[in-house]
Number of protein chains: 2
Amino acid sequence: MATISDVARMAGVSTATASRALNGKSTVDPELAARVMTAARQLSYQPNGPARNLRRQEAAVLALIISDVENPFFTSIARGVEDVAHEVGYSVVLCNSDENAEKERRYIDVAIQERVAGVILSPTGESTTVDPLLARGTPMVTVDRPLTDRTSDTVLVATLESAREATAHLMAHGYRRIGCITGPSGVRTADDRLAGYREALRAAKHPSSARLVRRTEYREAGARRAMLDLFDQAEPPDAVLVANSAMAVGVLAALKELGLRPGADVGVVAFDETPWAALVDPPLSVVAQPAYEVGQAAARLLLSRIEDTDRAPTTTVLGARLIARGSSAGPVG
Amino acid sequence: MATISDVARMAGVSTATASRALNGKSTVDPELAARVMTAARQLSYQPNGPARNLRRQEAAVLALIISDVENPFFTSIARGVEDVAHEVGYSVVLCNSDENAEKERRYIDVAIQERVAGVILSPTGESTTVDPLLARGTPMVTVDRPLTDRTSDTVLVATLESAREATAHLMAHGYRRIGCITGPSGVRTADDRLAGYREALRAAKHPSSARLVRRTEYREAGARRAMLDLFDQAEPPDAVLVANSAMAVGVLAALKELGLRPGADVGVVAFDETPWAALVDPPLSVVAQPAYEVGQAAARLLLSRIEDTDRAPTTTVLGARLIARGSSAGPVG
DNA sequence: ACCTGTCGAGTAATCGTTTTCTCAGACGCT
DNA sequence: AGCGTCTGAGAAAACGATTACTCGACAGGT
């Protein structure tokens, strides 16, 4: 594989001049520069990244560590990050921590070893995993969930407020016993969605009970079991707030098994807009989170922190939007 | 940030010994090795990746270039690749070419520059984009779509056969005028699905007409328009074969707008199993592609090619499975 | 006692860039 | 003419790891 020395030799200049010509840095005689360029093209020279990064002591690469590649919310974030990063010549490498603190730790180590310029992550929970990043002063932005007892730039969605609004919406449409199916305790978004739900009930002096709440992993199977479990008791809910789209699938599947109709029999509002939400019968009411914008904001914050390391950490909160559809139109009878 | 010299100095040994101890390579006095290890831990030493890669002339990193991060088919592939790669200590970086030959070319350049150990990609079509990889002998595996006029290890799904089977299934259930909505001409999967559809019709001496076929980008909006267009003619189809899950959303949306019921009025079979396919009313019949297994197979092939560069290229074809549900149960009346 | 082989650790070369130094020559000003 | 000043290019020093080479010490065989 051709090196810069080969290019320099072919162009009849020193490697220093070749480097300068290729990077368009300092002033180089146009004639020499042209010779270098043609030589590079003829040898189809591609700079050696590791060598460059070693010398420069930094790589134009951002690491994005997300907790679930199969969750559309996170892939939308990824697109937002990518689009912003590419505009300014950064590459993005995407890592999937799978809600697993061990994998997260491992990817963080890789990011440090590869000396990436910065890291964006949705922390799985154990905030000590990010200590190595903080210790080294690697620029970092957390998305979706804040770090519990540490501090960094953060981009969040106003999830508590949205949960409150969605719950109020269910009450306003005539549902009386509203349940909530949310994610594991300790995951901030799960806790916030539950808190918003509780606040809304309290504000409306609505009956509330721990028996109407279920917590499970953020997945379809767990949500289905939770929903069946909610309906396996004396006084089941007549509506539920569901904390993400994978869970919504489980909940709708459970209702189908139970022979209950969303909306008419059981009101449903779920977090995350998906392509299919409008397609099911009746269409599913959702809280649409601005995932793409979260990604964009996170990338911009990270880039500006790379510029200026000791700016004070900021927190950005983006609003979500309730899209009311048939599944929360109100009970019949 | 601590370097290996710092570690060596603290442990009172040479950098060579420190390196040997840290990598567990050659024999090192256990006592010295222990001193190195503690020093490394105390300094929270992390090896400098670029330096290591520069010296070793290769990085334990695989690049995975997929054409759409938001398509569940490709994210499943990604998980398959990751799981296999991690077992043997490789990292995977995921790049999203967005069905865009320019972005694909760019990511291929990045992969070459970073001297990754190998590349897995789903080619957007213009097969010349991979020339730089072939020229440099970078190990490469293509997935989902073969290269048109070049050769490399390839992992495919038996998509033509599945399309034929799905079409036969629709005929067997009593549909007479079967249409097809597939992806852009030149994209191999789109062409193959169309070819399979045509073969099935021909084999059954079934009426066939160009007016029953629409080609569009692999997305929801295009498929919706295509479907509306199909039904805007004198003799619309009474069933359709749809080439992926995003398109299926568009097709179902169009049917909703037209007031037609899937299955009873218009039979529908779509490629790609999704969480929500069983949830819509009636449930959607699909061709389930073994995406995760495609990813696993691709990763294994790539790893073995990294071991042995001049093995002859192979092609692996995995079968898909038709899951019949309500949307192809047969017309009424 | 001497030679040989082995083992373990240090010295120094190396990977391919970028960048600091250095220096020669040109230029302009007095 | 003499003296800075400036420009542009080459020589060489980094960057931080791995590893080929070297060398001393020690063990064992003759």
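Chain letters run A, B, ... following the sequence lines, proteins first, then strands; residues in each count from 1.
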For nucleotides 8-15 of chain C, 5' to 3', base contacts (B), sugar-phosphate-only contacts (S) and non-contacts (-) with protein non-hydrogen atoms under 4.0 Å give SBBBBBBB
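B:R145 has a carboxylate O that lies under 4.0 Å from a charged side-chain N of B:E99, or vice versa, which qualifies the two as a salt bridge. Comment: B:D6 engages B:R9 in a salt bridge, judged by a side-chain N to carboxylate O separation of less than 4.0 angstrom. Between B:E102 and B:R105 there is a salt bridge, with a side-chain nitrogen of the basic residue lying less than 4.0 Å from a carboxylate oxygen of the acidic one. For A:R35 and A:E31, the salt-bridge test passes: some basic side-chain N is under 4.0 Å from an acidic carboxylate O.
Between A:E58 atom CD and C:dT18 atom P the separation is 13 Å, expressed in whole Å. The distance between atom CD of A:E31 and atom P of D:dG8, rounded to the nearest whole Å, is 14 Å. At whole-Å resolution of the value, CG in B:L22 and P in D:dG16 are 16 Å apart. In this structure, A:I4 places its CD1 atom 19 Å from P of D:dC15, rounding to the nearest Å. Note: CE (A:M1) to C1' (C:dT17) measures 15 Å, nearest angstrom. When rounded to the nearest whole Å, the span between CZ of B:R52 and P of C:dT17 equals 21 Å.
Side-chain contact between B:T314 and B:L301: present, with at least one pair of heavy atoms (C-beta onward) separated by less than 4.5 Å. Counting only heavy atoms from C-beta outward, the side chains of B:M10 and B:L43 approach each other to under 4.5 Å.
Taken over five-pair windows at either terminus, the axes of the helix from C:dA1-D:dT30 to C:dT30-D:dA1 are inclined to one another by 50° (rounded to 10 degrees).
Distances shorter than 4.0 Å separate some side-chain N or O of A:N23 from OP1 or OP2 on C:dT18.
Side-chain N/O atoms of A:S67 and A:S97 include no donor and acceptor closer than 3.5 Å.
Listed by chain and residue number, B:A63, B:V116, B:V119 satisfy the side-chain contact (heavy atoms from CB on, under 4.5 Å) test with B:A111 (two or more places apart in sequence, or in another chain).
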